[in-house]
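Here is the naming used below: chain letters follow the sequence lines, and residue numbers restart at 1 for every chain.
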Amino acid sequence: MLKYFTCIMCPRGCEITAEVEDGKMLSAQGNFCPKGQEYVFQELTSPMRNIASSVLVEGGELPLASVRLNGLIPKNRIFDVMEEIRRVKIKAPVTMGQKVICDVLGLGCDVIATKNVKAAE
Amino acid sequence: MRQVDTVIIGGGPAGLSAAVRLWEKGIRDILILEREHQLGGILRQCIHDGFGLTRFGETLSGPEYAQRFISQVEALGIPYVTDTTVIDITEDKKVTAASRDGMLEIQAKTVILTMGCRERTRGAISIPGERPAGVYTAGVAQSYINLQNKMVGREVVILGSGDIGMIMARRLTLEGAHVQAVFEVQPYASGLPRNILQCLDDYGIPLYLSHTVTEIRGKDRLESVVVSQVDDRLQPIKGTEKEYFCDTLILSVGLIPENELSLAAGVVLDERTKGAAVDEHHQTSVPGIFAAGNVLQVHDLVDFVSMEAEELADSVAAFLKEGQLNGCGLEVKTDGNVTHTIPQRISGTKDFKLSMRVKRPVKDCRIQLIQGGRVVGEKKMKRAIPAEMIQIPVKAAKLNEKDDLEVKVIC
């Protein structure tokens, strides 16, 4: 069976046509680089995503610090991780790269701050 | 009056990239003017990831991408002032700005325009109906949610399939809102394919092409929108109206380069890009005034904004050292399949990179650059879409100095 994918590994967004049988990729074409094949393989076995959000900051010059994951999580756990992120409140100052949640829900990656937030004057 | 070699108007990705490159080229008498309280421009609110893959080989969020350049500016000690709004530029490069310390007047040898772009609004597309609260442009909603911690609504409809609109569809969903659908008046999406997948498909948000909002209803707060199908001339088809009950309408209907200051300086704009017409040096019609980034042409990737601004910085450095740049008398002409090109003028003596977009999606095509009947540049494409900027490098060795350059899409 032919299945169609839009690769999200880079902005090029290759349209990949893959021959799939019993959930296994037999061949793929349309991808510009090898990452496309990896992507199709992952989409067929366990789709993974990164997410970005923000957390509340206490005593900062901004009310929020933006955050993202430093790795990928299963697509079906996105809303569970969002729930964890929503619970967090951190104190200013915030440094970019700072871990906000370590090993979130045991999924093997951390929630990290993506912005510096200075303490309010 | 304060004298400087270069004033950079706007401390977003284009301005910061230009500043760092100028410094590296030995141009040290620089001043960046930024109207916001912090450097970084629009990237500060673009907290999603996907930036920097071309530039840094890893995928970053907007604030992280910006911070890499801000850190460099800080480390090098490049002068900048924030909370400072430029209110006038003259043709002889006198810059007037309103700052916390009062009015600044600066005489510059060169001016770099990096003011970015702004969003088209409801007014720009003339949606009929009432004028309730709850109608936002995507960037304004993004600023409320990502910078100010204010949720804009719960039941959402999005008009326009621009990248920011799709990214906000996902953002709103993650924050607990229900996004009913994205409607696009064109028969194709205006944002990147990967955003259709990871922002809409992943969350079960439908995208309806050839549809638009034809009425806005609601007394104080938005209550519903009426959506109609459109025909191939983009006119609403009677009898296809459908009402969607919602409290929020997000508009992602295009970006326009912000060029009021450029006009004040006498810079000639290109009707097609709404940005300055420039030559291969990124120099505008006013010698010594240069433009790059979204103020010149709306980009889809910030990586290319940085690259464009760095090319500009090389030209500015050459201008400052030599007092002038090669004249560019040859025009870049386009056929009916091309929306626009940057640059619009070339000399035929210098390598340059042509940026362009196609007017409508085309498959299996060749984009040819022709000068004096000879092909001087070509790119084969399996798929070319308006959402993607296409760049084609051209070598000076292939060019002559007398014929205009034609850009054609051959299917």
Worksheet item: Closest approach of A:Lys75 and B:Asp202, non-hydrogen atoms and distance?
Response: NZ-OD1, 3.1 Å

Practice prompt. Mind ranking A:Ser66, A:Ser53, A:Ser54 by heavy-atom pairs under 4.5 Å with chain B and telling me who comes out on top?
Written response: A:Ser53

Fill in: Pairwise distance CZ(A:Arg49) to CZ(B:Arg170) - rounded to 0.5 angstrom
9.5 Å

Worksheet, complete the sentence: Honestly, the part of A:Phe32 sitting under 4.5 Å from a heavy atom of chain B is neither

Item to complete: With rounding to the nearest 0.5 Å, note down the distance linking CG in B:Leu60 to CE in A:Met96.
Response: 8.0 Å

Worksheet item: How long is the gap from OG1 on A:Thr6 to CG on B:Asn195, to the nearest 0.5 Å?
Response: 11.0 Å

Fill in: Side chain / backbone / both / neither for A:Leu69 at chain B, heavy atoms under 4.5 Å
neither

Discussion item. What's the separation between atom CG in B:Leu43 and atom NZ in A:Lys115, rounded to the nearest 0.5 Å?
Written reply: 10.5 Å

Worksheet entry | chain B contact via A:Ile78 - which portion, at a heavy-atom distance below 4.5 Å | side chain

Item to complete: Go through the atoms of B:Leu301 and report whether side chain, backbone, both or neither lie under 4.5 Å from a heavy atom of chain A.
Response: side chain

Item to complete: State the CZ-CD1 distance between B:Arg171 and A:Ile51, to the nearest 0.5 angstrom.
Response: 9.0 Å

Worksheet item: Should the heavy atoms of other residues, nucleotides or ligands under 6.0 Å from CD of B:Gln391 be counted, would the total exceed 12?
Response: yes

Practice prompt. Would you indicate whether A:Arg87, at its atom CZ, is surrounded by more than 12 heavy atoms from other residues, nucleotides or ligands within a distance under 6.0 Å?
Written response: yes

Worksheet item: Taking B:Glu175, B:Arg44, B:Arg383 one by one, which has the highest count of heavy-atom pairs under 4.5 Å against chain A?
Response: B:Arg383

Discussion item. If the contact rule is any heavy atom under 4.5 Å from chain A, which residues of residues 141-153 of chain B qualify, in numerical order?
Written reply: B:Ile145, B:Asn146, B:Leu147, B:Gln148, B:Asn149

Practice prompt. Using non-hydrogen atoms and a 4.5 Å limit, figure out which bit of A:Arg12 sits close to chain B: side chain, backbone, both or neither.
Written response: backbone

Fill in: B:Tyr188 atom OH: more than 12 heavy-atom contacts under 6.0 Å
yes

Worksheet item: Taking the side chain as C-beta and beyond, is there a heavy-atom pair between A:Met9 and B:Arg194 under 4.5 Å?
Response: no

Discussion item. Checking B:Gln38 against A:Lys118 for the side chain to side chain contact (heavy atoms under 4.5 Å, CB included) test, could you report, in this order, the C-alpha distance in whole Å, the side-chain angles of both residues, the deciding distance, and whether it holds?
Written reply: CA-CA 12 Å; B:Gln38 285 161 320; A:Lys118 289 185 200 150; 5.9 Å; no

Worksheet entry | Check: B:Gln67 and A:Thr114 side chains under 4.5 Å, non-hydrogen atoms | no

Response to the item:
Max heavy-atom pairs within cutoff under 4.5 Å with chain B, candidates A:Cys7, A:Ala113, A:Gly30, A:Cys10, goes to A:Cys10

Worksheet item: Which members of residues 48-56 of chain B, sorted by number, sit under 4.5 angstrom from chain A on a heavy-atom basis?
Response: B:His48, B:Asp49, B:Leu53

Response to the item:
Applying a strict 4.5 Å limit to non-hydrogen atoms, the region of B:Glu64 in contact with chain A is both

Worksheet item: Can you tell me how far OG of B:Ser61 sits from CG of A:Asn50, rounded to the nearest 0.5 angstrom?
Response: 9.5 Å

Discussion item. Does B:Glu58, at its CD atom, have more than 12 non-hydrogen atoms belonging to other residues, nucleotides or ligands within less than 6.0 Å?
Written reply: yes

